[in-house]
Amino acid sequence: MGNLDNLIKEQNERKQRISKDNGPTRRSLLKIPKDAEKGFPLLHINEQYFSFEDLIVTEEVKESLGHIIVENRAATKLLSYGLEPKNKILFCGPPGTGKTLSAKIISSTMGYPFVYVLFDSILSSYLGETATNLRKIFDFIETGKFVVLFDEFDIVGKKRDDPHEHGEIKRVVNNFIQMLDNYKGSSIIIAATNHQHLLDKAVWRRFDDIIYFDLPDNSRRKQLFEKYLRVLRRENNFTKDQLARRTRGYSAADIAQICKEALKKSIINNDKIVSRDHIMWAISEQKRRKKTITKSN
(Lines give C-alpha, C1' and ligand atoms only; values in the text may rest on other atoms or scores of the structure.)
Protein backbone atom coordinates (compact mmCIF):
# COMPACT_ATOMS: atom_id res chain seq x y z
CA MET A 1 0.00 0.00 0.00
CA GLY A 2 1.45 3.42 -1.02
CA ASN A 3 1.68 6.62 1.02
CA LEU A 4 -1.49 8.02 -0.52
CA ASP A 5 -3.50 4.85 0.20
CA ASN A 6 -2.30 4.91 3.81
CA LEU A 7 -3.30 8.56 4.16
CA ILE A 8 -6.80 7.88 2.82
CA LYS A 9 -7.22 4.96 5.24
CA GLU A 10 -6.08 7.11 8.17
CA GLN A 11 -8.41 9.92 7.09
CA ASN A 12 -11.43 7.62 7.14
CA GLU A 13 -10.53 6.37 10.62
CA ARG A 14 -9.99 9.91 11.89
CA LYS A 15 -13.27 11.10 10.39
CA GLN A 16 -15.12 8.46 12.41
CA ARG A 17 -13.38 9.57 15.60
CA ILE A 18 -14.15 13.25 14.96
CA SER A 19 -17.86 12.54 14.36
CA LYS A 20 -18.07 11.08 17.88
CA ASP A 21 -16.32 14.00 19.55
CA ASN A 22 -18.71 16.68 20.81
CA GLY A 23 -16.17 18.52 22.98
CA PRO A 24 -15.10 22.18 22.60
CA THR A 25 -13.00 23.01 19.54
CA ARG A 26 -9.53 24.56 19.71
CA ARG A 27 -10.93 27.53 17.83
CA SER A 28 -12.82 28.75 20.92
CA LEU A 29 -9.53 28.93 22.87
CA LEU A 30 -7.62 31.05 20.32
CA LYS A 31 -7.31 34.83 20.25
CA ILE A 32 -7.86 35.87 16.63
CA PRO A 33 -5.72 38.86 15.47
CA LYS A 34 -7.70 41.90 14.32
CA ASP A 35 -7.16 44.96 12.17
CA ALA A 36 -6.49 47.98 14.41
CA GLU A 37 -8.27 50.38 12.03
CA LYS A 38 -11.68 48.66 11.83
CA GLY A 39 -11.45 45.84 14.35
CA PHE A 40 -12.16 43.17 11.73
CA PRO A 41 -10.63 39.69 12.20
CA LEU A 42 -7.65 39.07 9.93
CA LEU A 43 -8.35 35.37 9.53
CA HIS A 44 -10.95 32.64 9.99
CA ILE A 45 -10.30 29.29 11.61
CA ASN A 46 -12.15 26.25 10.32
CA GLU A 47 -12.01 22.65 11.57
CA GLN A 48 -14.32 20.96 9.07
CA TYR A 49 -13.21 17.58 7.77
CA PHE A 50 -12.19 16.95 4.16
CA SER A 51 -10.78 13.79 2.57
CA PHE A 52 -8.56 12.91 -0.39
CA GLU A 53 -11.61 11.05 -1.68
CA ASP A 54 -13.31 14.47 -2.08
CA LEU A 55 -10.56 15.61 -4.46
CA ILE A 56 -10.58 14.92 -8.21
CA VAL A 57 -7.23 16.06 -9.60
CA THR A 58 -4.31 14.36 -11.37
CA GLU A 59 -2.49 11.55 -9.55
CA GLU A 60 0.64 13.70 -9.79
CA VAL A 61 -1.00 16.48 -7.77
CA LYS A 62 -2.35 13.99 -5.20
CA GLU A 63 1.11 12.44 -4.80
CA SER A 64 2.65 15.91 -4.31
CA LEU A 65 0.09 16.74 -1.63
CA GLY A 66 0.69 13.39 0.05
CA HIS A 67 4.44 13.99 0.07
CA ILE A 68 3.97 17.34 1.84
CA ILE A 69 1.98 15.57 4.55
CA VAL A 70 4.50 12.73 4.92
CA GLU A 71 7.42 15.18 5.23
CA ASN A 72 5.67 17.30 7.87
CA ARG A 73 4.76 14.22 9.87
CA ALA A 74 8.45 13.28 9.83
CA ALA A 75 9.59 16.82 10.75
CA THR A 76 11.43 15.77 13.93
CA LYS A 77 13.36 13.05 12.11
CA LEU A 78 14.29 15.42 9.25
CA LEU A 79 15.38 18.18 11.65
CA SER A 80 17.71 15.74 13.44
CA TYR A 81 19.60 15.54 10.13
CA GLY A 82 19.56 19.31 9.61
CA LEU A 83 16.73 19.11 7.05
CA GLU A 84 13.33 20.80 7.08
CA PRO A 85 10.00 19.57 5.72
CA LYS A 86 8.26 21.46 2.96
CA ASN A 87 6.05 23.95 4.77
CA LYS A 88 5.89 26.89 2.34
CA ILE A 89 3.88 25.83 -0.69
CA LEU A 90 2.53 27.71 -3.71
CA PHE A 91 -0.66 26.46 -5.39
CA CYS A 92 -1.35 28.00 -8.80
CA GLY A 93 -3.65 27.42 -11.77
CA PRO A 94 -7.11 28.39 -13.05
CA PRO A 95 -9.92 29.15 -10.58
CA GLY A 96 -12.11 26.30 -9.37
CA THR A 97 -9.52 23.55 -9.84
CA GLY A 98 -9.15 22.36 -6.23
CA LYS A 99 -6.53 24.62 -4.64
CA THR A 100 -8.57 25.61 -1.57
CA LEU A 101 -9.97 22.10 -1.14
CA SER A 102 -6.43 20.67 -1.26
CA ALA A 103 -5.33 23.03 1.53
CA LYS A 104 -8.32 21.87 3.62
CA ILE A 105 -7.45 18.23 2.97
CA ILE A 106 -3.88 18.79 4.19
CA SER A 107 -5.37 20.46 7.30
CA SER A 108 -7.72 17.52 7.91
CA THR A 109 -5.04 14.89 7.37
CA MET A 110 -2.46 16.62 9.58
CA GLY A 111 -5.07 17.36 12.25
CA TYR A 112 -4.13 21.06 12.17
CA PRO A 113 -6.81 23.79 12.28
CA PHE A 114 -7.36 25.44 8.89
CA VAL A 115 -6.58 29.17 8.87
CA TYR A 116 -8.02 31.23 6.00
CA VAL A 117 -6.40 34.66 5.71
CA LEU A 118 -8.84 37.49 4.93
CA PHE A 119 -7.13 39.86 2.51
CA ASP A 120 -9.97 42.37 2.53
CA SER A 121 -9.23 42.93 6.24
CA ILE A 122 -5.44 42.91 5.83
CA LEU A 123 -5.36 45.69 3.24
CA SER A 124 -5.62 48.92 5.20
CA SER A 125 -6.09 52.51 4.10
CA TYR A 126 -3.50 53.60 6.67
CA LEU A 127 0.08 53.76 5.48
CA GLY A 128 2.07 50.91 6.97
CA GLU A 129 -0.93 49.23 8.61
CA THR A 130 -1.13 46.48 5.96
CA ALA A 131 2.39 45.31 6.84
CA THR A 132 1.44 45.44 10.54
CA ASN A 133 -1.57 43.21 9.82
CA LEU A 134 0.65 40.71 8.01
CA ARG A 135 3.02 40.73 11.00
CA LYS A 136 0.09 39.94 13.31
CA ILE A 137 -0.84 36.93 11.16
CA PHE A 138 2.72 35.56 11.13
CA ASP A 139 3.01 36.08 14.89
CA PHE A 140 -0.27 34.20 15.37
CA ILE A 141 0.61 31.19 13.21
CA GLU A 142 3.94 30.80 15.01
CA THR A 143 2.04 30.13 18.27
CA GLY A 144 0.84 26.69 17.13
CA LYS A 145 0.48 24.26 14.25
CA PHE A 146 -1.94 25.33 11.52
CA VAL A 147 -2.47 24.97 7.79
CA VAL A 148 -2.59 28.59 6.66
CA LEU A 149 -4.09 29.58 3.29
CA PHE A 150 -3.20 32.93 1.77
CA ASP A 151 -5.80 32.82 -1.02
CA GLU A 152 -5.65 35.30 -3.92
CA PHE A 153 -1.99 35.59 -2.98
CA ASP A 154 -1.15 37.78 -5.98
CA ILE A 155 -2.61 40.70 -3.98
CA VAL A 156 0.50 40.77 -1.77
CA GLY A 157 2.92 38.97 -4.09
CA LYS A 158 2.69 41.29 -7.09
CA LYS A 159 5.65 42.25 -9.23
CA ARG A 160 7.41 45.17 -7.61
CA ASP A 161 8.24 46.70 -11.01
CA ASP A 162 4.55 46.87 -12.00
CA PRO A 163 4.07 50.54 -13.09
CA HIS A 164 0.40 50.43 -12.09
CA GLU A 165 1.12 49.72 -8.42
CA HIS A 166 1.93 52.43 -5.90
CA GLY A 167 4.73 52.39 -3.32
CA GLU A 168 2.64 50.96 -0.49
CA ILE A 169 1.97 47.69 -2.35
CA LYS A 170 5.68 47.39 -3.17
CA ARG A 171 6.51 47.80 0.51
CA VAL A 172 3.93 45.14 1.39
CA VAL A 173 5.52 42.70 -1.10
CA ASN A 174 8.95 43.35 0.43
CA ASN A 175 7.57 42.86 3.94
CA PHE A 176 5.82 39.63 3.00
CA ILE A 177 8.99 38.21 1.43
CA GLN A 178 10.97 39.05 4.58
CA MET A 179 8.34 37.48 6.85
CA LEU A 180 8.27 34.33 4.71
CA ASP A 181 12.08 34.14 4.81
CA ASN A 182 12.19 34.58 8.59
CA TYR A 183 9.31 32.23 9.38
CA LYS A 184 10.47 29.37 11.62
CA GLY A 185 7.16 28.02 12.95
CA SER A 186 5.63 24.56 12.54
CA SER A 187 2.57 25.66 10.56
CA ILE A 188 2.21 24.81 6.87
CA ILE A 189 1.86 28.00 4.81
CA ILE A 190 0.03 27.68 1.49
CA ALA A 191 -0.29 30.57 -0.94
CA ALA A 192 -2.82 30.16 -3.76
CA THR A 193 -3.26 32.23 -6.89
CA ASN A 194 -5.20 32.10 -10.15
CA HIS A 195 -2.81 34.68 -11.63
CA GLN A 196 0.70 33.32 -11.18
CA HIS A 197 1.93 35.54 -14.02
CA LEU A 198 1.44 38.54 -11.69
CA LEU A 199 3.82 37.27 -9.01
CA ASP A 200 7.17 38.88 -8.36
CA LYS A 201 10.13 36.69 -9.39
CA ALA A 202 11.60 36.89 -5.89
CA VAL A 203 8.39 35.42 -4.42
CA TRP A 204 8.67 32.17 -6.42
CA ARG A 205 12.03 31.35 -4.84
CA ARG A 206 10.60 31.55 -1.32
CA PHE A 207 8.48 28.41 -1.68
CA ASP A 208 9.62 24.84 -0.97
CA ASP A 209 7.26 23.43 -3.58
CA ILE A 210 5.00 24.71 -6.36
CA ILE A 211 1.96 22.71 -7.45
CA TYR A 212 0.00 23.51 -10.59
CA PHE A 213 -3.72 22.65 -10.72
CA ASP A 214 -5.01 22.41 -14.27
CA LEU A 215 -8.53 22.15 -15.66
CA PRO A 216 -9.96 18.61 -15.50
CA ASP A 217 -9.51 16.42 -18.55
CA ASN A 218 -12.30 14.30 -20.06
CA SER A 219 -11.79 11.45 -17.57
CA ARG A 220 -11.85 13.72 -14.52
CA ARG A 221 -14.91 15.59 -15.80
CA LYS A 222 -16.72 12.23 -15.96
CA GLN A 223 -15.65 11.52 -12.36
CA LEU A 224 -16.93 14.92 -11.28
CA PHE A 225 -20.36 14.34 -12.82
CA GLU A 226 -20.48 10.92 -11.17
CA LYS A 227 -19.59 12.44 -7.80
CA TYR A 228 -22.06 15.32 -7.84
CA LEU A 229 -25.04 13.63 -9.52
CA ARG A 230 -25.16 10.51 -7.37
CA VAL A 231 -27.69 12.12 -5.02
CA LEU A 232 -30.53 11.27 -7.43
CA ARG A 233 -31.20 8.60 -10.05
CA ARG A 234 -30.30 9.62 -13.61
CA GLU A 235 -32.33 9.30 -16.78
CA ASN A 236 -30.91 6.75 -19.23
CA ASN A 237 -30.87 8.95 -22.34
CA PHE A 238 -27.48 10.56 -21.65
CA THR A 239 -24.05 9.37 -20.50
CA LYS A 240 -21.27 10.90 -18.42
CA ASP A 241 -19.15 10.74 -21.60
CA GLN A 242 -21.57 13.10 -23.34
CA LEU A 243 -21.57 15.47 -20.37
CA ALA A 244 -17.77 15.47 -20.22
CA ARG A 245 -17.54 16.37 -23.92
CA ARG A 246 -20.10 19.17 -23.45
CA THR A 247 -18.06 20.74 -20.64
CA ARG A 248 -14.59 20.81 -22.15
CA GLY A 249 -12.65 23.72 -20.66
CA TYR A 250 -14.85 23.82 -17.53
CA SER A 251 -13.37 23.71 -14.04
CA ALA A 252 -14.31 21.33 -11.24
CA ALA A 253 -16.16 24.21 -9.58
CA ASP A 254 -18.12 24.84 -12.82
CA ILE A 255 -19.21 21.19 -12.98
CA ALA A 256 -20.15 21.18 -9.29
CA GLN A 257 -22.33 24.23 -9.94
CA ILE A 258 -23.95 22.62 -13.01
CA CYS A 259 -24.84 19.48 -11.04
CA LYS A 260 -26.21 21.48 -8.12
CA GLU A 261 -28.48 23.51 -10.40
CA ALA A 262 -29.70 20.38 -12.21
CA LEU A 263 -30.45 18.63 -8.92
CA LYS A 264 -32.32 21.63 -7.56
CA LYS A 265 -34.44 21.87 -10.72
CA SER A 266 -35.30 18.17 -10.50
CA ILE A 267 -36.20 18.38 -6.80
CA ILE A 268 -38.31 21.54 -7.16
CA ASN A 269 -40.21 19.93 -10.05
CA ASN A 270 -40.79 16.75 -7.99
CA ASP A 271 -39.26 14.74 -10.83
CA LYS A 272 -37.29 12.36 -8.56
CA ILE A 273 -34.83 11.83 -11.40
CA VAL A 274 -32.16 13.94 -13.09
CA SER A 275 -33.02 14.20 -16.75
CA ARG A 276 -31.00 15.23 -19.78
CA ASP A 277 -33.12 18.41 -19.97
CA HIS A 278 -32.17 19.36 -16.40
CA ILE A 279 -28.47 18.93 -17.17
CA MET A 280 -28.56 20.75 -20.52
CA TRP A 281 -30.40 23.66 -18.92
CA ALA A 282 -27.82 23.81 -16.10
CA ILE A 283 -24.92 23.73 -18.58
CA SER A 284 -26.45 26.60 -20.57
CA GLU A 285 -26.92 28.59 -17.35
CA GLN A 286 -23.28 28.03 -16.37
CA LYS A 287 -22.17 29.03 -19.87
CA ARG A 288 -24.17 32.26 -19.49
CA ARG A 289 -22.57 32.98 -16.10
CA LYS A 290 -19.07 32.33 -17.44
CA LYS A 291 -19.72 34.66 -20.38
CA THR A 292 -20.88 37.40 -18.01
CA ILE A 293 -17.76 37.00 -15.83
CA THR A 294 -15.52 37.14 -18.91
CA LYS A 295 -17.17 40.38 -20.08
CA SER A 296 -16.84 41.98 -16.62
CA ASN A 297 -13.10 41.24 -16.59
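Numbers here are sequence positions counted from 1. All values reported here derive from a predicted model rather than from experimental measurement.
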For Q223 and K227, what are the C-alpha separation, side-chain angles and deciding distance, and is it a side-chain contact (heavy atoms from CB on, under 4.5 Å)? CA-CA 6 Å; Q223 291 178 57; K227 173 184 176 181; over 6 Å; no
Do [X] and [Y] pair up side chain to side chain, a donor and an acceptor below 3.5 Å, judged on atom types alone?
{"X": "E63", "Y": "H67", "value": "no"}
{"X": "R289", "Y": "Q286", "value": "yes"}
{"X": "N194", "Y": "K99", "value": "yes"}
{"X": "H278", "Y": "S275", "value": "yes"}

Run the ring-centre check on F153 versus F207 and record whether the distance is less than 6.0 Å. yes
Would you say the ring centers of F150 and F176 fall short of 6.0 Å from each other? yes
Worked check of side-chain contact (heavy atoms from CB on, under 4.5 Å) between I211 and L90: CA-CA 6 Å; I211 301 177; L90 177 63; over 6 Å; no
Taking the basic N atoms (NZ, or NE/NH1/NH2) and the acidic carboxylate oxygens, is any pair closer than 4.0 Å for [X] and [Y]?
{"X": "K86", "Y": "D209", "result": "yes"}
{"X": "K240", "Y": "E226", "result": "yes"}
{"X": "R220", "Y": "D217", "result": "yes"}

Do [X] side-chain atoms and [Y] backbone N/O form a donor-acceptor pair below 3.5 Å?
{"X": "S108", "Y": "Y49", "answer": "no"}
{"X": "D254", "Y": "S251", "answer": "yes"}
{"X": "T247", "Y": "L243", "answer": "yes"}
{"X": "K104", "Y": "Q48", "answer": "no"}
{"X": "R248", "Y": "A244", "answer": "no"}
{"X": "Q196", "Y": "C92", "answer": "no"}
{"X": "K34", "Y": "L42", "answer": "no"}
{"X": "R206", "Y": "L180", "answer": "no"}
{"X": "Q178", "Y": "N175", "answer": "no"}

Could you tell me whether the side chain of [Y] reaches within less than 4.5 Å of the side chain of [X], counting heavy atoms only?
{"X": "I190", "Y": "I106", "answer": "yes"}
{"X": "S102", "Y": "F213", "answer": "yes"}
{"X": "E261", "Y": "E285", "answer": "no"}

What's the verdict on side-chain hydrogen bond (donor to acceptor under 3.5 Å, both in side chains) for D54 and S51, showing C-alpha distance, side-chain angles and the deciding distance? CA-CA 5 Å; D54 298 321; S51 166; 4.9 Å; no
Let me confirm one number: the [atom1]-[atom2] distance from [X] to [Y], rounded to the nearest 0.5 Å.
{"X": "M110", "Y": "I105", "atom1": "CE", "atom2": "CD1", "result": "14.5 Å"}
{"X": "N72", "Y": "L78", "atom1": "CG", "atom2": "CG", "result": "9.0 Å"}
{"X": "K88", "Y": "S187", "atom1": "NZ", "atom2": "OG", "result": "12.0 Å"}

Could you walk me through whether V117 and I122 pass the side-chain contact (heavy atoms from CB on, under 4.5 Å) check? CA-CA 8 Å; V117 177; I122 288 177; 3.1 Å; yes
Has K290 got its NZ or CZ under 6.0 Å from the middle of the six-membered ring of Y250, at an angle within 45 degrees of the ring axis? yes
Identified ring pair (Phe, Tyr, Trp, His ring centres under 6.0 Å) counterpart of F146 within the set F140, F138, Y116: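 Considering F140, F138, Y116, a ring pair (Phe, Tyr, Trp, His ring centres under 6.0 Å) with F146 is found only for F140.
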